[in-house]
Each structure stands twice: as structure tokens, then as C-alpha cells.
Amino acid sequence: MLAKSTLREIKDSLGRYIALLIIIAIGVGFFAGLKVTDPALRVSMQKYFEDTQFYDFRLISSLGFGEEEIDYLKENIEAGSVEESISFDVMMEYEDSDYAIKVISLPKEINKVVLIDGRWPQYENECLVDAAILDSDAIGSTIYVADGNEKEDRDRFNYSSFKIVGVAKSPLYIQYERGTTSIGAGVLDGFIYVEGKAFKDDFYTDCYVKLDSNPELYTEEYDSLIEANEDKIQKALDAASQKRYESIVKEAQEKLDDAKKELEDKKASTGEELADAKMELDSAKKKLDSGKKQIEEYESLEIQLKDGLDQMLDGINQMDMARQMNPAMVDENKYNALVAEYQEKSAQLYTLQSSLSKAKKDYDSGVKEYKDGLAEYEDGVEEFNEKIADAEAEIADAQKEIDDIEEADTYLLKRDSNAGYVCFESDSTIVGAIGNVFPIFFFLVAALVCMTTMNRMVEDQRTQIGVLKALGYSNGAIMGKFAFYSGSAAFLGTSIGFALGTFGFPQAIWYAYQMMYNTREVDYYFDGRMLIISFAAAFICSVGVTLVSCRVEMTEMAASLMRPKAPKAGKRIFLEYIPFFWNRLKFLKKVSLRNIFRYKGRLIMMVMGIAGCTALLVAGFGVYDSIADIAVNQYTNISLYDMDITLKKGAKESVPVLEKKGYDKEDYILFYHTSVDMKFGKHTKNIYMNVYDDGADIDTFYDMHDIKGNHIDMSSLSEDEIVINMGLCDRYGMKLGDTITISSDDMKPTEFKVGAINQNFIYNYMYMNASTYEKYIGDIPERKNLYVVVDEGVDSHEAGAELMGDTAISMVVPTKDMLDRVENMMGSLNIIIYLVIGSAMALAAVVVYNLTNINISERVREIATVKVLGFYKEETRAYVFRENILLAIMGAAVGLVVGKFFHAFIMSEIIVDLITFDVRVTAFSYLLSFVLTIVFTLLINILMGRKLDEISMTESLKAVE
């Protein structure tokens with residue numbers, strides 16, 4: 001009988017039963033759903049990283065790694081796997097569009113690529129392309145190394161084009177941000193993977209390490225694992241880099257020594273050739289000198305012969321004249337002998353002259369050859385000396401380059417250097433923080449309404465309890481009837497709410513996060529402990545309250561229970577003591593006010609229930625207000641610079657690398673940047689410290705102001721004062737005039753006073769004047785950091801890409817990137833806020849419905865009596881719902897106050913090291929929360945009007961007597 005009675009009771013009060021079930025379902029769903037979202041996201045990401053073997057350490061050397069160094073690292077690092085990698089940024093062309101692409105060698109063990117569509121590369125000229133830039137339609141087409149690349153970049157590859165055989169995603173890029181580059185517009189568009197043999201270079205740019213174990217992400221266990229291996233891996237990296245340095249220097253020196261030896265050999269051989277040529281020239285000169293001497297002898301002999309012939313000719317002529325006069329006067333034999341001698345001497349002269357002519361010709365020819373040879377020799381000597389000088393200069397330059405080769409700069413990067421990994425930690429941390437605070441308050445509101453519902457139901461059923469007692473049913477049986485009513489609603493509500501919440505909330509939030517992250521689907525995460533807690537809390541708030549309420553009623557006699565409770569004695573309410581207000585009210589409004597304040601229990605419960613829903617709305621909207629604009633505020637109103645640049649070597653006053661690019665001194669500010677440990681009381685925090693020159697024009701690059709907007713002038717600080725961020729002060733309770741201690745590995749503990757507190761939302765900073773640093777700490781180390789502003793209309797990414805190409809610059813971070821990153825992170829959190837607001841709105845609607853339903857159920861006879869008295873339908877509704885509206889207004893007003901404090905509490909619990917939230921609730925959010933609560937009340941009143949119309953006037957004639 002009791003079972004049938006209970007089922008009939010559920011059927012007759014189905015609206016109240018379903019409302020109770022929905023309230024519990026919403027409370028449990030929101031509570032369990034948000035609580036499991038953070039671990040569900042992390043577990044899914046953990047599985048993705050395990051499947052892809054995401055790296056624990058990334059090793060980089062400025063000199064790269066050769067095969068020997070990679071082998072050394074594999075032998076000396078104790079890890080699950082150590083794998084080399086090659087990656088370069090290059091412009092690629094696809095269908096007449098250029099993309100800035102990171103080309104990466106296809107891994108085998110670490111950072112495994114996830115193939116989305118297509119197949120794996122089988123040949124060296126095939127590639128996988130980033131699914132974020134090209135889809136499956138690109139498979140089978142070709143992507144080209146753009147001709148616009150520098151020759152050095154084009155020469156890095158064995159192929160000028162690659163066939164796309166698949167689209168993929170990489171654990172190195174779990175979010176859609178691809179990072180910056182020194183090419184193109186300064187931002188990477190995506191990546192492609194190719195076989196390692198597609199690269200022409202004989203060195204590796206990276207080496208990844210994956211440890212043996214896989215602790216949970218972002219836990220102390222994982223941090224301890226990294227810390228335990230960090231020093232060992234750093235030593236191995238330093239040793240390998242030193243080997244690489246020595247190998248490069250040795251190889252270069254050997255090549256240079258070979259070049260020197262070759263030069264010496266060439267110098268020696270060419271010197272011998274020149275010496276031989278000189279000897280030949282000297283020999284020719286001797287021959288010429290000898291020939292000249294011979295010519296001179298021939299000429300002297302010719303003169304002698306000519307003189308002798310002339311004399312002989314004179315003698316012959318005289319003898320001829322004598323013969324003509326007297327032949328006897330001439331000795332014919334002497335005459336013939338003289339003529340014969342003359343002829344002989346003439347023949348000798350002819351021969352001599354022929355020899356002399358030939359000797360002169362030979363001499364002239366020899367002189368010409370000698371001069372030509374001498375000129376050639378002198379040109380050869382000059383050319384030899386020039387070539388030797390050039391070669392020696394080249395060798396000297398090469399030797400200087402070798403001597404100038406710096407030892408490798410090594411970088412041991414952990415997962416926190418990966419933007420996606422860090423952003424996911426921040427996002428999941430915020431989800432976890434909201435999940436730790438919001439659901440509890442949400443569940444408390446739901447529990448409060450459940451308690452009210454069951455308490456009022458038991459009181460409403462006291463007559464039935466009395467009848468059952470009179471019929472002989474035991475107290476336990478009667479309590480079991482009501483416990484089943486509330487318990488079944490709690491069981492069904494908890495089951496439905498837990499199932500939907502734990503499945504729906506992670507899926508909904510991950511759906512929003514997929515705008516930023518591209519990994520895998522989130523797995524269903526079952527938390528048995530949370531299920532037990534949900535059931536326990538739901539049963540305590542429903543069955544527990546039911547049993548307590550029944551137990552109170554059971555103390556009365558059956559006859560007493562079968563009679564309705566005597567109404568409370570009428571008495572004046574406090575408004576009646578305000579005549580100028582009370583006397584102006586109409587009768588029905590006075591009745592409504594008396595009913596509201598007469599039943600204080602109902603008043604408190606109604607106001608608390610509605611206030612809780614309004615407070616949830618205020619807190620939800622407030623969280624949105626607190627996170628919505630911090631990125632814009634930071635990077636448009638506070639950080640006025642366009643680029644944050646780090647130099648490889650420090651500068652003093654001017655920065656040549658910027659000035660040669662056309663930047664003036666007014667376009668940048670040089671400062672010293674480091675991290676220090678700040679200690680205040682029992683708190684210790686690692687923060688960034690910027691040291692500026694006294695009187696530096698900071699305002700051009702950074703608007704330093706307090707929370708009220710008052711400008712902070714660093715020149716007005718005392719020598720022992722510093723400026724510190726507002727977020728740090730709020731978190732650790734610091735205020736103006738407090739003393740903090742800063743220290744680091746290179747800095748002894750030093751105390752400073754908080755001279756000013758500035759507003760800053762991204763990262764944690766303190767600021768100091770150079771004179772303060774020098775007085776209390778010492779000489780300022782190298783200043784390597786710059787804030788730079790670019791001209792109007794200049795794209796900061798393009799300007800940054802141009803600067804990154806200079807070897808003097810280590811890193812360029814455009815503020816636009818940080819703005820986009822933080823905005824994306826904050827934007828992805830909107831889904832959580834929407835879920836909170838949506839759930840709060842649903843809860844508010846159900847709460848208002850349930851309380852209104854209870855209110856009407858308790859006043860059936862009163863409402864029927866009002867109808868009997870002749871009230872029209874609209875008048876009856878106004879008579880009943882006027883109280884609901886007034887209670888809703890009162891509850892909403894209380895909720896606005898409670899919501900303000902609840903929002904402040906929530907924001908104090910959401911701690912993200914990267915961000916200081918702008919904790920505020922706008923006037924619009926207060927107004928919207930209030931209006932929504934009243935709108936829900938009005939809508940419920942409209943819906944419940946039908947129930948008023950169904951109340952029969954005969955109910956007023958019923959009496960227990």
C-alpha cells in the first residue's frame with residue numbers, strides 16, 4: 001500500500017518531483033562535470049604525448065651536432081630514447097602562394113607524427129604537410145622550395161620540390177600557433193616532414209631525449225623526474241658540444257694547414273721556375289754581352305782592314321801610274337803580290353762585314369728576346385708576389401676565423417619551452433581552478449533548494465503522516481515512504497547529472513579548446529570517488545533532510561498530525577511602523593507584504609535560493625569580465641612597444657644592429673633584464689627584474705601606472721625603492737613601504753622598499769633604477785634586452801623577421817604574438833564561462849519554478865478562497881505572483897552582494913603564474929544578472945498561471961474536521 005501511495009504521490013506531484021530531480025541533476029552534473037574536466041583533459045593529453053613519445057628534453061647547440069656527437073649523446077644519456085633531428089625554416093611555394101615553412105626530418109622514435117590522411121613518405125622527395133595549412137585535397141600535388149630563398153637556404157636540400165603524400169599533425173605543435181621565424185612575414189605558417197636524406201647538410205640541428213617513465217603531466221612527480229636528469233643531460237650536452245667545437249676547429253685547421261702547405265709548395269715550385277727563368281735571362285745577358293764585344297771586335301778589325309786596303313789601293317794606284325810612265329820602274333812581282341794581297345784583304349773585309357751584319361742582327365734579336373723575357377719575368381715575379389700576398393691574406397683571414405670560432409652555446413630546453421605545452425597547462429589549470437570553486441557553490445545552491453523542497457513537502461504531508469500512523473504503520477515505514485520519494489529523485493538526478501556532466505562538460509570544453517589545440521579527442525574520464533561524493537551529497541540533501549523532517553513530525557500524536565498546523569498569530573510587520581509608506585499601499589499589496597514577512601522560513605529559503613542563483617550569474621559574468629580584456633589592456637594600454645629583442649652580446653648606449661636597419665635611438669630602449677627570487681615574509685617567488693637607466697624615456701615603451709591610472713615616475717623613487725606589479729602585491733599581501741628581499745645565484749640577498757605598485761597583467765615584474773642597482777648590488781652586467789617601436793604602418797612581424805636574420809640578435813618576440821596567444825587562451829575559456837552562466841540560468845529557472853510550485857501547493861485553500869471571494873483570474877495571479885516577484889527582487893538584490901564576494905573568492909583561487917587577472921564585475925554584468933533573475937521569475941509566473949487556473953474553488957470548503 002505504501003509503495004502504491006508513494007507512486008501515486010510522485011504522479012500527483014510530478015512537477016515537483018521532476019523539479020527536484022532536475023535540480024539535483026544540474027547540481028551534480030555541474031559539480032562532477034567541471035571537477036572531472038581538468039583531469040579528463042590532462043589524461044587525454046597525457047595519452048597523446050605517450051602515443052607520440054613527446055620529448056622531455058630538447059638539446060640545441062649553436063654549432064649543431066655531427067654523427068660522432070649524436071653517438072656520444074646516445075651513449076652517455078640514460079633515457080628511453082635519444083634521437084637526432086634536422087629542421088630549417090624556408091619559404092615554400094604551393095599553387096602560386098608562398099608559405100613560411102619549417103621543414104623537419106621525419107622522426108622514428110620521439111615526437112612521432114600522426115598521419116591524418118594519405119601515406120608515409122617512401123622516397124626522399126616526398127613529404128607530409130601540416131594539416132593546419134593544407135587538407136587532403138593537396139595529396140598528390142607538389143610543393144616547391146621558393147626561388148626567392150637565399151642560395152644558402154636552397155642549397156640545404158637535395159631536391160627543389162617535394163611531392164605531398166599525406167597530411168599530418170605533430171606533437172611539437174599541439175596548438176595552431178607555429179611560432180616566429182626570420183623569413184617571410186616573420187611568422188611560420190606551418191611545417192612539412194621529409195626524410196632525413198632529403199637534407200644536403202651533414203649535421204643535425206636538434207637532439208631530442210625521451211626518458212623511460214611517463215609521470216602525469218604538470219605534476220611534482222614529473223618535475224622531480226626532470227630535475228633529477230637535468231644536470232646529467234646538461235653535462236653530456238656540454239661535452240658533446242665541446243667535442244663538436246674541437247672537431248670543427250680541428251677540421252678547419254687541418255684544411256688550413258693543407259692550404260698553407262699547398263701554398264708553400266706552390267711558392268717553392270713557382271720560385272724555382274722564376275729562378276730558372278732568371279738564370280736563363282742572366283745567361284742570355286752574358287751571351288748578349290759577348291756578342292756585343294764580338295761586334296765591337298769586328299768593327300775594330302773592319303776599320304783596320306779598310307785602312308790597310310786604302311793604303312794598298314794607294315800603292316797600287318801609284319804603281320799603275322808609274323807603269324804607265326815607265327814600266328821598268330815597277331817591280332811586276334811586287335805589283336802582282338800587292339794586287340793579290342789587296343784582293344785577299346778585300347775578300348776578308350767582305351767576309352768580316354757579312355759576319356758583322358749577321359752578328360748585329362743576332363744581337364738585336366737577342367736584345368729583343370732578352371727584354372721580352374725580362375718583362376715577362378718581372379710580370380711573373382709581380383704576379384707571383386701578388387698571388388702569394390693574396391693567398392697569405394686569405395690564410396690569415398681563415399686563421400682568424402678559426403681563432404674566432406666561439407665555443408658552442410648550448411640550450412637544454414624542457415617541455416616548458418614548447419608554447420603549446422605551456423598554454424595547455426595554463427588553460428587546464430584555469431579549468432581546474434574554476435572546477436574547484438564554482439561547482440561547490442553551485443551544488444550548495446542546489447542542495448539548499450532540495451532541502452527546502454523536501455522540508456516543505458514533509459510539512460505539507462503531515463496530515464497523511466498522521467493518517468498512516470493512525471492506521472498502524474510504523475515510523476520507519478512512514479519515513480521510508482518519503483525517503484523513497486526523495487531518494488529516487490536523488491538517485492535518478494545524480495545518475496543522469498553525473499553521466500551527462502562527466503561526459504558533456506569535458507566534451508564541450510574540449511570542443512572549444514579545439515579552436516586552439518589539435519591533438520586527439522578527449523576520453524571519457526570516470527572518477528569513482530566523485531560518483532560516491534555526488535551520490536552521498538545528493539542523498540544527504542534529499543533523503544537526509546527528509547528523514548530529519550519526518551522525525552520531527554513523528555514526535556507528534558496521530559490526531560495532532562491529522563489536523564493542520566495552527567497558522568501563525570498575526571502581528572505587525574516592520575513596514576507597518578513606517579506610516580507614510582504603509583498607508584499609501586493598497587489592501588492587496590499590504591496582504592502580500594504581510595504574507596512575505598509573516599512566514600520567515602519561506603522568506604529566507606526563497607531569498608537564499610534565488611540569491612544563490614543570482615550570485616552564480618554575477619560570478620560567471622564577473623569571471624568573463626576579469627579575463628576578457630587583459631590581453632588588449634596589456635599590449636595596447638600598458639606595453640606600448642612592438643618588439644621585445646634579445647641581443648647575443650651586450651651593448652652600452654647605442655645598438656649598431658638596429659641603427660644600420662634605420663632605427664633611431666628614440667625607437668628603442670636598452671635595459672638589463674634578469675630573473676630574481678623575491679622573498680616577502682614566508683613567501684618566495686621567482687620574478688623578472690628590469691633595470692633602466694636613470695632618466696630613461698620609459699613612457700614611450702611602457703605606460704607605468706597604478707591601479708587608479710596615476711602615472712608612476714621612476715625618477716621620483718628613493719635610492720632604496722623599487723616598483724613591483726600589482727598582481728604580486730595582491731597575491732602576497734604587499735603594500736607600499738613594505739620591505740622585500742631579492743637574490744639570485746649571482747646576487748647576494750638585498751633588501752628594497754616597495755616604492756610604487758604598477759598595474760601589469762602578463763608575467764611578474766619588478767623595476768629598478770640603474771643607480772639603485774649599482775649602489776646596492778654592484779656593476780650592471782651586459783644589457784642585452786631592448787624594447788623597440790616600429791613606425792606607423794610597419795608590420796612588426798616583417799620588421800622582426802628582418803632583424804632575426806642578423807647574427808647579432810638572439811631572439812625577437814613581437815608583442816602581437818603574445819597578444820594573439822593570450823587572447824586565444826582567454827577566448828577558449830569563454831566556453832567554461834558560458835557553461836557556468838548557462839547552468840546557473842538553468843538552475844535559476846528550476847529553482848524559481850520549484851519554489852513557486854511549492855508556494856502554490858501550500859496555499860491551495862487560500863487561493864481557492866480568493867477565487868470564491870470573486871477575484872478575477874488576473875487578480876488572482878497578481879495576488880499570488882506579486883509575492884514571488886518581490887521575493888525574486890529581494891533574492892536578486894542579496895545575490896548581487898553575495899555574487900561580488902563569491903566572484904572575488906573565485907578569482908583569488910584561480911592562480912595562473914603567467915597572468916594577473918583584472919578582477920572586476922562591470923555594472924552591466926550586475927544589471928544583466930538581476931534582469932535575468934527577474935525575467936526567469938516572470939516567465940515561471942506565466943507558466944504557473946495555468947496551475948492557478950486549475951485550482952477548484954471547492955478546495956476552500958474542505959476541512960479536516
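From a predicted model like this one, the values you see are computed outputs, not experimental measurements.
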Query - Residue pair Ala538 / Ile24: nearest heavy atoms and the distance that separates them - result: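 Smallest interatomic distance, heavy atoms only, reads CB-CG2, 3.9 Å.
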
Looking at residues at least two apart in the chain, or sitting in another chain, which of them share a side chain to side chain contact (heavy atoms under 4.5 Å, CB included) with [X]?
X: Leu939; result: Val935
X: Ile940; result: Val848, Tyr849, Thr852, Leu943, Met944
X: Asn637; result: Asn633
X: Ala40; result: Pro506, Val522, Tyr525

Report task. Begin with the C-alpha distance, continue with both residues' side-chain angles, and end with the deciding distance and a verdict on side-chain contact (heavy atoms from CB on, under 4.5 Å) for Tyr926 and Phe621. Result -> CA-CA 8 Å; Tyr926 282 120; Phe621 287 124; over 6 Å; no

Requested in this report: Might you work through the side-chain contact (heavy atoms from CB on, under 4.5 Å) test for Asp730 and Val919, ending with a clear yes or no?
Outcome: CA-CA 11 Å; Asp730 291 343; Val919 181; over 6 Å; no

Report task. Take Phe498 and Phe31 through the ring pair (Phe, Tyr, Trp, His ring centres under 6.0 Å) test and state the conclusion after the steps. Result -> CA-CA 8 Å; Phe498 186 86; Phe31 173 76; 9.4 Å; no

Check residues 609-619 and write down every donor-acceptor pair under 3.5 Å in which the side-chain atom is one partner and the other belongs to a residue at least two apart or another chain.
from   : atom 1 : to     : atom 2 : distance (Å)
Thr614 : OG1    : Ile610 : O      : 3.0
Thr614 : OG1    : Thr933 : OG1    : 2.9

Restricting to side-chain hydrogen bond (donor to acceptor under 3.5 Å, both in side chains), what partner residues turn up for [X], sequence neighbours left out?
X: Thr922; value: Asp625, Ser925
X: Asp527; value: none
X: Gln634; value: Ser639, Asn760
X: Ser929; value: none

Report task. Determine, stepwise, if the pair Phe761 / Asn725 fulfils side-chain contact (heavy atoms from CB on, under 4.5 Å). Result -> CA-CA 8 Å; Phe761 298 113; Asn725 285 172; over 6 Å; no

Requested in this report: Just grab all the side-chain hydrogen bond (donor to acceptor under 3.5 Å, both in side chains) pairs involving residues 24-42, residues at least two apart or on different chains.
Outcome: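 For residues 24-42: Lys35-Asn436, Asp38-Arg42, Arg42-Ser428, Arg42-Thr429.
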
Query raised in the report: In terms of ring plane angle, is the pair Tyr524 and Phe503 parallel, tilted or perpendicular, where the classes change at 30° and 60°?
Result: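 If you compare the ring of Tyr524 with that of Phe503, the planes turn out tilted.
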
Query raised in the report: How would you list all residue pairs meeting salt bridge (Lys or Arg N to Asp or Glu O under 4.0 Å) that involve residues 919-938, not counting sequence neighbours?
Result: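 The answer is Asp629-Arg920, Asp918-Arg920.
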
For residues 895-906, dump all side-chain donor-acceptor pairs below 3.5 Å to protein atoms at least two apart in sequence or in another chain.
from   : atom 1 : to     : atom 2 : distance (Å)
His903 : NE2    : Gly622 : O      : 3.1
His903 : NE2    : Ser626 : OG     : 3.0

